[in-house]
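All chains are named by letter (A, B, ...) in the order of the sequence lines, taking the proteins before the strands, and each is independently numbered beginning at 1. Only heavy atoms go into these numbers, but all of them, side chains included; no hydrogens, no water, no symmetry mates. A quick note: this is a predicted structure, and the numbers were derived from the prediction, not measured.
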Amino acid sequence: MGAKNKVIFGRIYRSATSCSTESQSNPKFSSSISIASIFKSFKRKLVVGSFHSTPSFKSYVETCASLLRRCSCTHRLLSGLALHGHAVKCGISSDRSVFTKLLTMYSECNRPADQNRIFIEFACSDIFSWNFMITDLARSGDIDTASNLFDQMPERNVVSWTIIIDELVKRGRVRDALGYFDRCPCHTVVSYTAMMNGFARNGMYLDGLLMFRRMIRYGLMPNEITFTCVITACGGCGEFDFANSVVGMIIKNVFGQNLSVCNSLITLYLRMGDAGMARKVFNGMVERDVVSWTALLDVYFQMGDLKEARHVFNEMPDRNEVSWSMMIARYSQSGEAVEALWLFKHMLCNGFKPNISSFASVISASASLENLLHGRSVHSHVVKFGCENDIFVASSLIDMYSKCGKSDDARWIFDSLSMKNIVCWNAMVGGYFYDGRMVEAKHLFMQLPERNAASWNAMISGFVQNELYEDVLETFNEMLTSGQVPSRMTFSSVLLACASLPSLEKGKNLHAKTIKLGIATEIFVGTALTDMYAKSGDIESSKSVFCMMPEKNEVSWTAMIQGLADSGLAEESLALFEDMKKTDINPSEPMFLSILFACSHCRLVDKGFHYFESMDKVYGITPKERHYTAMVDLLSRAGLLREAEDFIKKMPIQPEANTWAALLSGCVTHGNDGIGERAAKMVIELERQSTAGYVLLSNIYASVGRWKDVAKVRTLMRETGITKGGGCSWIQIRDCFHAFYSWDSNHPNALEIYEVLELLIPEMIPCML
DNA sequence: ATAGGGTTAG
């Protein structure tokens, strides 16, 4: 009988379990039929006495438990009651697995009274089993029933209190946990530590530290776990002075060699920005585990030494999901998106299960590469692992789809989220902006349930991306009126808008605000200010902001070098470039563009060639089309038109239309219609829709008096349907903008203005040469 | 009862 029963019950058990997994993945799947049929066959096999042999008894218990679980999932109270009756009859109702499922079933079917009744019947007066029951309920996800049960306990010990506090904390219910903590009559180190950990886990670091102080005042001695929690809390809220005194206590109490204390210390020193100390702690450890090694990885990442971090990762004695996620996250954050994708692939190949962090980071990497194919494939993994409802993963998916131009897909994910936080909303607003869907973006912004600085920044930078600078300023004002304090990122965007607008006043105003907030010399703000002043023509202010910045990056230097070059201060620009080379910042591609531009304006042909050649030879930067164009411009401006043409012919890459346009423009200045015609032909061929080639060509013909050809070009332009877009310049006098267009001069004071201009031109010409 | 990793904005 035994062997046969084992098979039969085994089969029932399997079908019951497979049903219940099915119902989990598809809540609509109604299983009243299948559960009834399983139940029927279960009853049929239920011959009293047949489950006394061990294997079949075990199967029977398992079957009963899994059927009960099925009942609780589908809210089948009647089947549940019947099963309960059988379980009692067969004497298995107090078996742990059956009993817990009975509790869950009653809880799911909304019968708390029955639930409590059976609990009290079966597990009376034994604190240990109460505690066990509460833990079990909480771990199976039913924290409410667990706390309900806790309230009914006839007596409780320290462990009971600790369990309920800890379980509440793990589910983010710190306030409830604190309620229990305050009611607890007998505090121990453990209950205090559980509460502190609860605060730290939920980002309430300061409350955690207050709890620590309370514990010390209470006269309890912290243990190594308490210290680990305190250190984490200090690091979280930046209380570094307090952290140092805690370190003193740790050493005094001889916990300085404890593994987890040291692990938390590495991260603490890292947060304090002291990578050296972090490394020192690691070096001094007698025992290290994956956590220590992963923390060390982060030390190198913070120092910006990706190579060493990679080396540590390769040499680590042990790796887990967290170490892999750390690598993926940091590479993605450092702009090494391709490497992040590669790491993710290898994480899977090495048999590691991707977690939420690695998903979020790798999706973010696909977003920055705008790699829809890869993004979609990761998305499918996300669904496979059931992470699609996680807000971190979903926010990055929303971002990824938007960046790939699929804002409708992003919206679909956004709408399918039951729990959204502010990040999801901001990502969706930013997504619409990225896709140029202004109406939807603005509409969604209005609907935001709450707004933080990032929401406003998404809106402001969204307008910047779409070149709607007036809206940028308007939104910025709204932001100020709403009481939201602008961040450095806000200023960075708004200043960019100012640089593109004809108003220096607005920029100065912002500068004043940044000074008030004490962020004027902060790297991003300072760089934006430097750029804004340079682009607005106030190069002196630009220089002074730049000089005040204590820390400068590659972008800051580029802004200043470019600003000087654009303002005609070519020598100064080159001198600054030489200064920069003395720092540990390496010249970049756009920087060389400014340098070549500066050389070109000063007619420094040899110097220009020197810099151009150093790009590849010294810095390993392959010159791009634009650099070749700058060189052609350099030669053409200096009148070396034949050399310029030869230079183009020898280019290892295909010249862009602008390369020929630079030569063409040199031909205009130096009146060479022979080369000019060839150049113009190339410009027109490479860029059919552009007017530049035609206009310059007609200018050449005009300069050498070939009026018939001028007319021919103009006719050709008309025939191909190209119209010349005009230039425009403007000046602000108080609140009024005066604009001047190249195609007409209908300014009210046009006559007077042109009269004055006539007077000024003879004085200006010597300067222009 | 613990320590290491995560999303948006420049």
Side-chain angles (χ1 to χ4, degrees), chain A residues 158-159 162-163 165-167 169-170 188-198 200-201 223-232 235 258-268 270 288-299 301 319-330 332-333 354-364 367 387 390-400 402-403 421-431 433-434 452-462 464-465 487-496 523-525 527-528 555:
Chain A
V158 198
V159 181
T162 314
I163 288 170
I165 291 168
D166 187 55
E167 293 298 336
V169 146
K170 280 188 185 150
T188 61
V189 191
V190 181
S191 60
Y192 267 107
T193 308
M195 202 56 234
M196 277 172 51
N197 172 44
R201 255 173 193 255
N223 63 15
E224 69 277 14
I225 298 166
T226 324
F227 279 127
T228 310
C229 293
V230 190
I231 290 297
T232 311
N258 179 274
L259 179 65
S260 32
V261 171
C262 288
N263 285 343
S264 63
L265 276 175
I266 297 177
T267 309
L268 171 77
L270 208 57
R288 299 174 189 125
D289 64 356
V290 212
V291 182
S292 335
W293 282 97
T294 311
L296 182 70
L297 264 183
D298 215 12
V299 174
F301 276 120
R319 290 177 209 150
N320 63 10
E321 287 80 16
V322 182
S323 0
W324 279 96
S325 328
M326 160 94 80
M327 290 298 285
I328 298 169
R330 295 290 180 258
S332 170
Q333 287 156 356
N355 54 10
I356 289 165
S357 305
S358 51
F359 272 136
S361 305
V362 78
I363 295 166
S364 163
C387 301
D390 178 85
I391 41 172
F392 283 92
V393 175
S395 317
S396 49
L397 277 173
I398 291 169
D399 180 52
M400 186 275 292
S402 309
K403 292 238 165 82
N421 69 358
I422 184 121
V423 180
C424 308
W425 282 88
N426 292 347
M428 195 63 236
V429 171
F433 272 117
Y434 199 89
N452 61 9
S455 326
W456 288 99
N457 290 347
M459 184 89 167
I460 289 171
S461 71
V464 171
Q465 282 162 33
S487 66
R488 41 210 71 195
M489 290 160 210
T490 321
F491 281 110
S492 188
S493 299
V494 182
L495 284 166
L496 189 65
I523 189 152
F524 273 106
V525 178
T527 304
V555 187

From CG of A:L259 over to C1' of B:dT2, roughly how many Å is that when rounded to an integer?
10 Å
Side chain of A:S492 (C-beta onward), nearest among B:dA1, B:dA3, B:dG10
B:dG10
Below 4.0 Å: OP1/OP2 of B:dG10 and any side-chain N or O of A:S461:
yes
Do A:I391 and A:V423 come close enough that some side-chain heavy atom pair is under 4.5 Å?
no
base_contact_polar (B:dT7 base, A:S396 side chain, donor-acceptor, <3.5 Å):
no
Determine whether A:I422 and A:S455 make a side-chain contact, defined as any pair of heavy atoms from C-beta on separated by less than 4.5 Å.
yes
Just to be sure I understand the rule, does A:R330 reach a base, reach only the sugar-phosphate, or reach nothing, if contact means heavy atoms closer than 4.0 Å?
sugar-phosphate
By the 4.0 Å heavy-atom rule, please label A:V290 as base, sugar-phosphate, or nothing.
base
Hey, is the side chain of A:S364 poking within less than 4.0 Å of OP1 or OP2 on B:dT8, counting only N and O atoms?
yes
Any side-chain N or O of A:N197 below 4.0 angstrom from OP1/OP2 of B:dA1?
no
Please tell me if the side chains of A:T193 and A:T162 come closer than 4.5 Å, counting only heavy atoms from C-beta onward.
no
Rounded distance in Å - CD1 (A:I460) to P (B:dA9):
14 Å
A:S323 side chain near A:V290 side chain, heavy-atom distance below 4.5 Å
yes
Matching residue for A:V261 among A:T228, A:T226, A:N223 - test: side chain to side chain contact (heavy atoms under 4.5 Å, CB included):
A:T228
Are OP1 or OP2 of B:dA9 and a side-chain N or O of A:K403 less than 4.0 angstrom apart?
yes
Interatomic distance where CG belongs to A:N426 and P belongs to B:dT8 [whole Å]:
11 Å
Atom CG of A:D390 and atom C1' of B:dT8: how far apart are they, to the nearest Å?
14 Å
So if I take every side-chain heavy atom of A:V291 and compare against B:dA3, B:dG10, B:dT2, which nucleotide ends up nearest?
B:dA3
Taken to the nearest whole Å, CH2/A:W456 to P/B:dT8 is 22 Å
Report the distance from atom OH of A:Y192 to atom P of B:dT2, rounded to the nearest whole Å.
19 Å
Give A:T294 one of three labels, base, sugar-phosphate or nothing, depending on what nucleic acid heavy atoms sit under 4.0 Å from its own.
base
Using only heavy-atom distances, decide whether a donor-acceptor pair under 3.5 angstrom links the side-chain of A:D289 to the base of B:dG4.
no
Report which part of the nucleic acid A:A454 touches: base, sugar-phosphate, or nothing (heavy-atom distance under 4.0 Å, all strands).
base
Which nucleotide sits closest to the side chain of A:A427: B:dG10, B:dT7, B:dT8?
B:dT8
Separation of A:D298 atom CG from B:dA3 atom P, in whole Å?
15 Å
Distance, rounded to the nearest Å, where A:Q333 contributes CD and B:dA9 contributes C1':
15 Å
Using side-chain heavy atoms (C-beta onward) and a distance below 4.5 Å, is A:F433 in contact with A:M459?
yes
Which of these nucleotides, B:dA3, B:dT7, B:dA1, is closest to any side-chain atom of A:I225?
B:dA1
How is A:T162 classified with respect to the nucleic acid when contacts are heavy atoms under 4.0 Å: base, sugar-phosphate, or nothing?
nothing
Which nucleotide in the set B:dT8, B:dT2, B:dA3 lies at the smallest distance from any side-chain heavy atom of A:R201?
B:dT2
